[in-house]
Amino acid sequence: MAHPNVVFDQANRNAAPKGRAPQMIMDAPPLPHSHTTLEQALDKGLKAALAKVTAGLSPIALTAAYTDWALHLTAAPGKRLELLEKASKKAWRLAAYAAFCAAAPNTPKTCITPLPQDRRFRSKAWQNWPFNLIHQSFLLNQQWWHNATTGVEGVTKQHENVVEFAARQMLDVVSPSNFILTNPDVLQQTMREGGMNLVRGWQNWVEDAQRLHAGQKPKGAEDFEVGRNMATAPGHVVYRNRLMELIQYTPTTQTVRPEPILITPAWIMKYYILDLSEQNSLVRFLTDQGFTVFMISWKNPDAGDRDLGMEDYRTLGIEAALGAVQPITDGQKIHAIGYCLGGTLLTIAAAAMARDGRDTLKSLTLLATQIDFTEAGELQLFINDSQLTFLEDMMWDQGYLDSTQMTGAFQLLRSNDLIWSYMIHHYLMGERAPMIDLMAWNADATRMPYRMHSEYLRQLFLNNDLAEGRYHVGDQPVTVSDIRVPAFVVGTERDHVAPWHSVYKFNLLSDTDVTFVLTNGGHNAGIVSEPGHPRRHYRIETRADHTPYADPDHWRDQTEPVKGSWWPALTDWLAARSAAPCAPPPMGAAAQGYPPLCAAPGTYVFQQ
């Protein structure tokens, strides 16, 4: 596929102010491991075809992990003897428990307790015979396999994690909760309804299969429509280029803080996670507190965008947005907010501006954002040279990473919650969980360009270049320690995408005042935490740049929780770093080349 040396965006040309050159994208240097010969293209095509069968997982990487574990276990007779001893003890424990259950069939007593996050056996029905014996046997078996796949001397840590994860996934498949005859809740429901729950479950399965085959969204998502009951905060698109639209939101107060807010969302999903329904929109909350808010809405890339890289996202995304926001707000410094990948990119941009002496930002807010990727959670299972090469070959074939391929990886990380629990409730119990706005947004996924995703995974996840001072913007590296504006950093307790211990490392890498917030919830629900949301709490503390470092667990134990949403804490923090309120800025700045182009939510958000 041939690509022109320079690509001009027509919309950008029309919006460019007088005297300013249109945005352009130059050909980037070749990707690592990129090949052009016929023989190498044959290799790539074969692996791309294989990836469609393996859901993007490299069989070579999995085989290497298994071989590493198996060979070291074979060479460790002491470890095998230990496992034999553990198996014998567990068998005796189970036998003793079975004898106890024979005398007291419905005892609440157990011989092994599930992990706190394992909710499969919490129902009281699991305490009745024979289901208590069945699920206790399963948990003992699960524990033994954990012992077998961990603690084998000589196995690399990543291979150990992969083998342990794979064993857990295979055991989850045969969990007694997944089958009608061994799940007491399903049996009780079936007897109560005369099997109608299974009829409904079959209908649910057929409907889901048809929707999946047709590429349709899940049942109920049609009740949530962008521009009607989601992403409804009023505003206008005031700038557009080939990669993003910039939305300026209409003020809701008579006066506003002079310093505007620019939000950079992740491009892995649509931007309106921060403007869901009217009652849980962070955008509306910020405007109601007297702030002028701008938001980047990323394009959903296709095969024609395969060569867009991280630098394009920085220049055509954050830099272009900053270049539009300042003329509209009379040159004011900007409160920059980044979410997930958008926060990582924003940190790179902020570090580059600090390195170059550009005093553009007033503050930096990072939501569930990783800067150091050495503790990036179970996503690291999929990050090594073998797996990334396999993934790159799959993206090379199609030009992007498809949303379904990303969704499958995230579902594997939480298979009990996202796969097996769904199967039990929807197909065995015959119960449709009501669709909510957050679930509807989650079903509105996007693609990611081949080049950008490869660079992101290799430079940040695999090599950790940003944290270690090797990430280049231009011909020089950037470093987080150059950032001097105050930072507000939010982590969430149950984040499986950006674990809060990893997010907390901003404290270790930065050389500025950091206010760190730890809120309950997960990667998305912990951020969408509007005031009034039940059962919310957070911890917050500000560390001055000269304050000694505290490790994350010590910080959590020493910081008292605060009930409620963390959103008011953010607006209080922003207000304390803003000037006195004044009249709102105009909508766009036509004279400077930023006229309102269309009403929010714009056009890019509708791209499928």
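Nothing here was measured: the structure is a model prediction, and the numbers come from that model.
Below 30°, between 30° and 60°, or above 60°: for F373 and F461 the angle between ring planes is between 30° and 60°, a tilted geometry. In this pair, F516 and W500 present their aromatic rings tilted. The plane angle is within the 30 to 60° band. Using cut-offs of 30° and 60° for the angle between ring planes, the W267 and Y313 rings count as tilted.
In terms of modelled atom types and a separation under 3.5 Å, the side chain of H426 and the main chain of I424 share no donor-acceptor contact. Here the side chain of T479 pairs no donor or acceptor atom with the backbone of G469 at under 3.5 angstrom.
Of the N and O atoms on the side chains of N197 and T190, at least one donor lies less than 3.5 Å from an acceptor on the other residue. H537 and E493 form a side-chain donor-acceptor contact under 3.5 Å, judged by distance and modelled atom types alone.
For L71, the CG atom is densely surrounded, since the number of other residues' heavy atoms within 6.0 Å is greater than 12.
The CD atom of E375 lies 4.0 Å from the NZ atom of K505; values are rounded to the nearest 0.5 Å. In this structure, NE2 on H146 lies 10.0 Å from CD on Q142, to the nearest 0.5 angstrom.
Checked against side chain to side chain contact (heavy atoms under 4.5 Å, CB included), K79 has the following partners two or more places apart in sequence or in another chain: L73, A76, E82, L83, V152. By the ring pair (Phe, Tyr, Trp, His ring centres under 6.0 Å) test, Y66 is found to be paired with W69, residues two or more places apart in sequence or in another chain being considered.
In this structure, D553 pairs ionically with R556, as a charged nitrogen and a carboxylate oxygen lie closer than 4.0 Å.
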Inset, instruction - Kindly indicate, with the supporting measurements, whether the criterion side chain to side chain contact (heavy atoms under 4.5 Å, CB included) is fulfilled by D172 and R120. - result: CA-CA 10 Å; D172 286 344; R120 290 173 291 185; 3.1 Å; yes
